[in-house]
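Notes to accompany the following structure.
Quick note on labels: first sequence line is chain A, next is B, and so on, each numbered from 1.
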Number of protein chains: 2
Amino acid sequence: MKPLRIATVNVNGIRAAYKRGMDQWLAGRDVDILCLQEVRAPDAVVRELLGDSWHLLHAEAEAKGRAGVAIASRIEPSATRSSIGEPYFDTSGRWVEADFKVNGSSLTVVSAYVHSGDVGTPKQDDKYRFLDVMEARLPALAAESDHVLVVGDLNVGHTERDIRNWKGNLKKAGFLPEERAYFDRFFGDGVGYVDVHRALSGDVDGPYTWWSWRGKAFDNDTGWRIDYHLATPGLAAAALEATVDRAPSWDTRFSDHAPVVVDYSL
Amino acid sequence: MKPLRIATVNVNGIRAAYKRGMDQWLAGRDVDILCLQEVRAPDAVVRELLGDSWHLLHAEAEAKGRAGVAIASRIEPSATRSSIGEPYFDTSGRWVEADFKVNGSSLTVVSAYVHSGDVGTPKQDDKYRFLDVMEARLPALAAESDHVLVVGDLNVGHTERDIRNWKGNLKKAGFLPEERAYFDRFFGDGVGYVDVHRALSGDVDGPYTWWSWRGKAFDNDTGWRIDYHLATPGLAAAALEATVDRAPSWDTRFSDHAPVVVDYSL
DNA sequence: CCTACTAAG
DNA sequence: CTTATTAGG
């Protein structure tokens, strides 16, 4: 049986990503379920760019040109939702859920875009509030489907291996102890999800998924691993291979984030 | 005696112009006095881009990133002014004057940027008000110097030969009868200036100096001649040659306007 | 440093 | 269609 290929990527504006060759990446990757964050475009534009070969679930943000998440799939979802369970976030373009039937099992896929945060500002409060709701939503989803996969830009590096310059970022949004503790719990017995890429790659540095556009961050691989596949244990056990599509393997850099692609033998 | 080469160009943002190769144009043209409009950058940025081989007179607009005119010269001005004579326009970045001594004669050069206007809006009132003040300033300048040259983006096409699609623009700002009448007066006995390029090129269509970025306006030469050299008669008689630097002669299009370059044998 | 928005051209 | 600004990342 051909594995199910699921990719997540923060496109940082899908119009800009297409200008930079995102279509070439897509054409070469044969993705079954494509999860996008920071779409930053109206629904009609997204449909036009992706073409009609996808089923598209897209949650725009209320603010024009901000955030926006989507799930584009070759197979049709049996159900879709665009709420994380807290009305405050329903128009923020940060969370969509799609249910699929795959070989007799139910699979829920989530495309998530956690706030970037900013210490000492209301943005950080929103980030914690979102992570709180997410922490409650994860086990609820796991109770409803055979398999759950939450992917996206979670804007937190979990461990010292997930950020190149971790010492310099201990007080920065994205690597705060309080943020990292959420991920300890996501991956702990209570919530019970698995960090798929970390499980497959083992205890190594990276692989990073985001690099600042500034300076030579990308060339020097001064990056952060903040784009994840969080899977329920049965699904995580079915993960065959995980890849970050960045140079040198893939030479089109169409966003400041690189796609994280995982094959699941479901 | 080597003629004095004076160029005018609306750069539509000097930063963007340099990115598109304005420096290559400048390097190949050996200009003595360079008049700029729509500089749209802080003074420090302009000085950095032009380098230290110029004397620079630069009037920024009060509004950041808007308008801005400059005169960069290889020879040092004996005096400079940045008022057209009406305080309302003093912070609009639309008028600068520099006086030079050239071979024993006095020469005043003005870099002007007339409002684009918009029929039925306050912008059109400002445009008329500016043209009113300009109409008063022209003879005053002529009385003070041996030679006066007012160059820049005057945002009005004078005659039917100055706009490709003149019939379609009779009611549009830039070709309104009331605007064109100002130029009849500028070139009439009362004010007494000469349209240098028209005098040299004769009664032909164009040559145009501005083409919209939209569509194929540039390739089809659907343009407007709105960038001028207005000279007092003695100076106009000294004009040897006038050129619009556009393709095919010059292949770098660094602005939606092309430079108008004139050699004066002073 | 890059995105999209907006006003201006 | 392009410019620079602004907020957001």
Problem set entry | Note: A/D221-A/R246 ion pair, threshold 4.0 Å (strictly below) | yes
For this session: Using the test ring-ring contact (aromatic ring centres under 6.0 Å, His included), find all partners of B/F175 that sit at least two apart in sequence or belong to another chain.
Result: none
Seminar exercise, completed: B/H257 NE2 to D/dC1 P, in whole Å, measures 18 Å
Exercise. Using a cut-off of 4.0 Å between protein heavy atoms and nucleotide atoms, how would you tag nucleotides 4-9 of chain D 5' to 3' with B, S and -?
Worked result: SSS-SB
Exercise. Can you name the ring-ring contact (aromatic ring centres under 6.0 Å, His included) partners of A/W211, sequence neighbours left out?
Worked result: A/F218
Problem set entry | Residues in salt bridge (charged side-chain N to carboxylate O under 4.0 Å, His left out) contact with A/E97, at least two apart in sequence or another chain | A/R81, A/R137
For this session: State which residue, out of A/N10, A/D227, A/T8, fulfils the side-chain hydrogen bond (donor to acceptor under 3.5 Å, both in side chains) condition with A/T209.
Result: A/D227
Exercise. Under the criterion ring pair (Phe, Tyr, Trp, His ring centres under 6.0 Å), which of B/Y113, B/F89, B/Y182, B/Y88 is the partner of B/F130?
Worked result: B/F89
Problem set entry | Minimum side-chain heavy-atom gap A/V114-A/R94 below 4.5 Å | no
For this session: Please work out if A/R20 contacts a base, only the sugar-phosphate, or nothing of the nucleic acid, heavy-atom cut-off 4.0 Å.
Result: sugar-phosphate
Exercise. Salt bridge check: are B/D205 and B/R164 linked by an N-O gap of less than 4.0 Å?
Worked result: no
Exercise. Salt bridge between B/D195 and B/R225, side-chain N to carboxylate O under 4.0 Å?
Worked result: yes
For this session: Both distances under 3.5 Å, Watson-Crick or G-U wobble: on that basis, could you give the dot-bracket string for DNA chain C, with [ ] for crossing pairs and | for other-strand partners?
Result: ||||.||||
For this session: May I ask you to say whether A/R47 pairs ionically with A/D43, meaning some side-chain N is under 4.0 Å from a carboxylate O?
Result: yes
Seminar exercise, completed: In the 5' to 3' direction, the nucleotides of DNA chain C bounding the stretch that comes under 4.0 Å of a heavy atom in chain A are C/dC1 to C/dT6
